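Not measured: the values here are computed from a predicted model.
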Amino acid sequence: MNKHLIALAVTAATLSGAASAAQVYSDDTSSLAIGGRIEATGVMQQQADNNKVDPVLAKSSNEVVDMSRARINLDAKTQIADGVQGVGFFEKEFHSNTDANARGADETRYAYAGVNSDKYGQIVYGKADGSLGMLTDFTDIMAYAGSVVGGTKLAVADRTNNNLAYAGNFGDLTFKANYVFSGAAYDNAGNKTDVHGFSTGAIYKVADTGLALGAGYGEQRDQNGVNTHKARSEQTFATASYTMGDLYFGGLYKSGRRDGKNLVTDAVTDTQGYEFAAAYTMGKTVFTTTYGFMKDENAHNVYDELANAAAVDATYYFNSNFRTYASYTFNMLDKNKVGKVAASDQFVLGARYDF
């Protein structure tokens with residue numbers, strides 16, 4: 001098995017694309033490829049049995065929830081000058097279970113177009129990646145469980161619309177910057193809502209040592225519902241990884257200002273977090289594990305835990321198109337503070353076909 005399966009966190013891809021897409025059209029200047037995945041996933045964890053507001057008092061039981069999904073994408077390119085291409089990418093995700101307590105509604109994940117220069121990088125507008133995702137990918141390596149710290153990226157630093165995004169590779173350096181414009185949106189009550197801001201990040205691969213270092217910053221302003229004050233949120237990430245043969249190690253640190261919510265009081269709060277990841281490839285099987293911890297800061301150095309979880313999984317690759325996996329997450333939050341559902345462990349079995 002190619003050792004790079006466990007080093008996805010440090011790939012220098014500038015924007016998300018179709019890893020195994022099939023080209024369906026090509027001429028001297030243009031091409032169109034179709035790709036995607038079909039993923040069957042069963043998740044066993046605590047589910048709420050009623051609608052009580054207090055999560056500690058709410059009753060719950062272990063249930064298996066169908067979290068299966070499918071994605072399809074279109075990747076288009078056309079030559080518009082020497083070393084310059086016009087590009088477009090679209091991806092849609094469909095869920096088998098659209099219950100409010102499961103994944104939710106079907107989603108347009110990407111819809112962007114722009115210009116790519118072989119020398120100077122790529123700039124696109126639409127629904128595209130922010131700049132901090134390539135940093136959180138250092139520890140977001142599990143077959144199913146996501147990064148508990150990286151999953152709290154600001155909206156403008158994550159995949160989002162109204163986004164002008166730049167990405168470039170310059171030797172061992174990958175650089176990203178994006179700006180999300182202020183745009184009119186309204187809630188069900190007719191109140192204007194808005195999120196806008198920017199993020200930027202860089203990854204440097206230290207020659208052929210297997211070491212990669214990264215850092216990034218994001219800032220946004222929010223206006224929600226009847227709140228006319230545009231609150232400012234900030235995040236800083238620092239990451240490092242080391243690949244040695246079939247072994248991979250990654251680490252992430254996050255510091256945030258007004259970028260999270262307290263799980264007990266629901267109040268907006270400052271956060272700090274860290275995460276560690278490791279992976280090992282043995283033949284056609286990849287074993288991965290992560291541990292993530294995040295807290296908020298209260299008065300007098302008192303804090304509440306926002307995340308405290310360890311996860312392990314194993315993935316077997318039959319070939320480049322088909323894999324199966326098993327994953328278990330040990331959730332160490334205090335159920336007496338956040339409730340059984342928020343503190344529930346999680347067991348997952350899945351099978352995935354990529355095309």
Above 12 or not: heavy atoms from other molecules or residues under 6.0 Å from NZ of Lys92?
yes
Salt bridge present between Asp354 and Arg352 (N-O < 4.0 angstrom):
yes
Parallel, tilted or perpendicular: which fits the ring planes of Tyr303 and Phe293, with parallel below 30° and perpendicular above 60°?
perpendicular
Taking Leu154 as the starting point, is it possible to reach Leu164 by hopping between hydrophobic residues whose side chains are less than 4.5 Å apart?
no
Could you check whether atom CG of Asp27 has more than 12 heavy atoms from other residues, nucleotides or ligands sitting under 6.0 Å from it?
yes
Hey, does the side chain of Gln23 reach the backbone of Ser31 with a donor-acceptor pair shorter than 3.5 angstrom?
no
Does Ser30 offer a backbone N or O that forms a donor-acceptor pair with the side chain of Gln85 under 3.5 Å?
no
With a 4.5 Å cut-off on side-chain heavy-atom distances among I, L, V, M, F, W and Y, is there a chain of contacts connecting Phe330 to Met142?
no
Would a distance-only check, ignoring hydrogens and angles, find a side-chain to backbone donor-acceptor pair under 3.5 Å from Asp296 to Asp304?
yes
Quick test of your reading of the model: are Arg232 and Glu219 salt-bridged, counting only N-O distances below 4.0 Å?
yes
Using the ring centroid of each side chain, check whether Tyr110 and Phe89 are separated by less than 6.0 Å.
yes
Which label fits Phe181 and Tyr179: parallel for a plane angle under 30°, tilted from 30 to 60°, or perpendicular past 60°?
perpendicular
